[in-house]
Amino acid sequence: MRAKRRAETQRTIQAHALRLFTERGYDATTVTDVAEAAGVSPMTVYRHFPTKEDLVLIDQHGRLVAERIAASSAEQPMVRRIGGALIASAATLTGGGRGDDLTADGQFLLTRLRLMISTPALRAKHLDNHYALQQAIVDALEDDVTGPDAGFHAQAAASACLAAMHTALVRWAEDDGRAELSEVIAEALAAAFGDDFVDGNGRRPRGSQKYQ
């Protein structure tokens with residue numbers, strides 16, 4: 001119950017922050033403004049979000065991706081495991097919706113991405129999140145990858161997949177979420193890895209000819 005209440009408080013604060021950042025602008029909105037809108041103290045905001053940037057950037061993506069990778073077969077190539085996890089977690093985050101049919105969580109993600117793209121301070125901070133997600137992926141692969149250069153290979157595979165995903169996220173946000181995010185990520189991964197990339201079930205991503 002305590003974890004549930006914490007998650008609900010965090011989501012409420014973040015929702016008010018995104019609304020204010022969108023309405024007033026990121027730089028023009030203070031943490032105190034967010035606290036007042038959410039009905040909590042600034043200290044409570046900082047307890048959940050150590051920095052102002054975290055109000056936009058903190059999410060559960062790393063946990064979802066790591067769980068998907070851990071559940072995948074260790075016999076698959078790393079790129080397939082990582083790519084499949086990125087696609088599956090995107091489908092979970094957005095509910096598979098698109099455009100006007102986006103779920104509340106999907107719209108929430110779309111708003112966050114728009115802010116990240118348009119705000120220089122957030123673009124810089126986003127690199128920290130990128131490295132954190134990369135490390136979460138490497139950690140999830142750790143028990144299944146062996147050899148003297150195992151860590152390096154896992155980092156390289158994770159970095160390459162995340163670069164493709166970032167390109168997909170930007171495209172999806174700029175297109176106002178009109179496509180299904182999981183499919184856009186699959187397209188980006190297929191474009192990066194060609195016929196070497198298939199999803200976790202051994203198939204090419206859905207709609208893999210869409211942008212070709």
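Predicted model, so just to flag it, every value in this text is computed and none were measured.
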Exercise. Compare all side-chain heavy atoms of I82 with those of L162 and state whether any distance is below 4.5 angstrom.
Key: no
Quiz prompt | Residue list, salt bridge (charged side-chain N to carboxylate O under 4.0 Å, His left out) with K125, at least two apart or on another chain | solution = D128
Quiz item: What do the steps show when you test L169 against L181 for side chain to side chain contact (heavy atoms under 4.5 Å, CB included), and what is the final call?
Solution: CA-CA 8 Å; L169 290 174; L181 178 57; 3.8 Å; yes
Practice problem: Mind listing the closest non-hydrogen atom pair of R81 and A74 along with its distance? | Solution: NH1-CA, 3.6 Å
Quiz prompt | Q155 CD to M78 CE distance, which is reported to the nearest 0.5 Å | solution = 10.5 Å
Quiz prompt | Nearest non-hydrogen partners of A164 and A188, listed with the distance | solution = O-CB, 3.3 Å
Quiz item: What distance do R80 atom CZ and C161 atom SG have between them, rounded to the nearest 0.5 Å?
Solution: 12.0 Å
Quiz item: Among pairs that include at least one residue of residues 82-96, which meet side chain to side chain donor-acceptor pair (under 3.5 Å), considering only residues two or more places apart or in two chains?
Solution: H61-S89, R68-T92
Exercise. Return the set of residues passing side chain to side chain donor-acceptor pair (under 3.5 Å) with D105 (not counting sequence neighbours), or none when no residue passes.
Key: R11
Quiz prompt | Non-neighbouring partners of Q135 that pass side chain to side chain donor-acceptor pair (under 3.5 Å), sequence neighbours left out | solution = D139
Quiz item: Who pairs with T32 by side chain to side chain donor-acceptor pair (under 3.5 Å), at least two apart in sequence or on another chain?
Solution: none
Side-chain atoms of residues 108-121: list all donor-acceptor pairs with protein atoms under 3.5 Å, sequence neighbours left out, distances to 0.1 Å.
unit_1 : atom_1 : unit_2 : atom_2 : d
T111   : OG1    : Q107   : O      : 3.0
R112   : NE     : V56    : O      : 2.5
R112   : NH2    : V56    : O      : 3.1
R112   : NH2    : L57    : O      : 3.0
R112   : NH2    : D59    : OD2    : 3.0
R114   : NH2    : D176   : OD1    : 2.9
S118   : OG     : R114   : O      : 2.9
S118   : OG     : L115   : O      : 3.4
T119   : OG1    : L115   : O      : 2.8

Quiz item: Could you state the interatomic distance from CZ (R171) to CD1 (I185), rounded to the nearest 0.5 Å?
Solution: 13.0 Å
Quiz item: So which heavy atom on G62 is nearest to which on A136, and how close?
Solution: O-CB, 4.4 Å
Exercise. Can you tell me which residue pairs pass the ring pair (Phe, Tyr, Trp, His ring centres under 6.0 Å) test with a partner in residues 147-182, sequence neighbours excluded?
Key: H126-H166
Quiz item: If you measure from CD on Q134 to CG on L127, what distance do you get to the nearest 0.5 Å?
Solution: 11.5 Å
Exercise. Mind checking salt bridge (charged side-chain N to carboxylate O under 4.0 Å, His left out) for D54 and listing every partner two or more places apart, or none if nothing turns up?
Key: none
Quiz item: What heavy-atom pair brings A35 and P42 nearest, and what distance separates the two atoms?
Solution: CB-N, 3.6 Å
Quiz item: Are V138 and L189 linked, directly or through other ILVMFWY residues, by side chains that come within less than 4.5 angstrom of each other?
Solution: no
Quiz item: Of all residues at least two apart in sequence or in a different chain, which pass the side chain to side chain donor-acceptor pair (under 3.5 Å) check with R6?
Solution: none
Practice problem: Return each pair, listed once, that meets side chain to side chain donor-acceptor pair (under 3.5 Å) where at least one residue sits in residues 34-44; pairs must be two or more places apart or across chains. | Solution: S41-T44
Quiz item: Where is the tightest heavy-atom contact between I69 and S72, given as atom of each residue plus distance?
Solution: O-OG, 2.6 Å
Quiz item: In the single-linkage hydrophobic clustering (I, L, V, M, F, W, Y; side-chain heavy atoms under 4.5 Å), do Y46 and Y26 co-cluster?
Solution: yes
In a table with atom names and distances, give each donor-acceptor pair under 3.5 Å that connects a side chain of residues 13-25 to protein atoms at least two apart or in another chain.
unit_1 : atom_1 : unit_2 : atom_2 : d
Q14    : NE2    : L55    : O      : 3.0
Q14    : NE2    : I58    : O      : 2.9
H16    : ND1    : R19    : NH2    : 3.2
R19    : NH1    : E23    : OE1    : 3.4
T22    : OG1    : L18    : O      : 2.8

Practice problem: Could you pull out all residues at least two apart from E53 that satisfy salt bridge (charged side-chain N to carboxylate O under 4.0 Å, His left out)? | Solution: none
Exercise. Calculate, to the nearest 0.5 Å, the distance between atoms CG and CG belonging to L133 and N129 respectively.
Key: 8.5 Å
Quiz item: When rounded to the nearest 0.5 angstrom, what is the spacing between CZ in R5 and OG1 in T9?
Solution: 8.5 Å
Practice problem: Using a 4.5 Å cut-off on heavy atoms from C-beta on, say whether the side chain of T103 contacts that of L93. | Solution: no
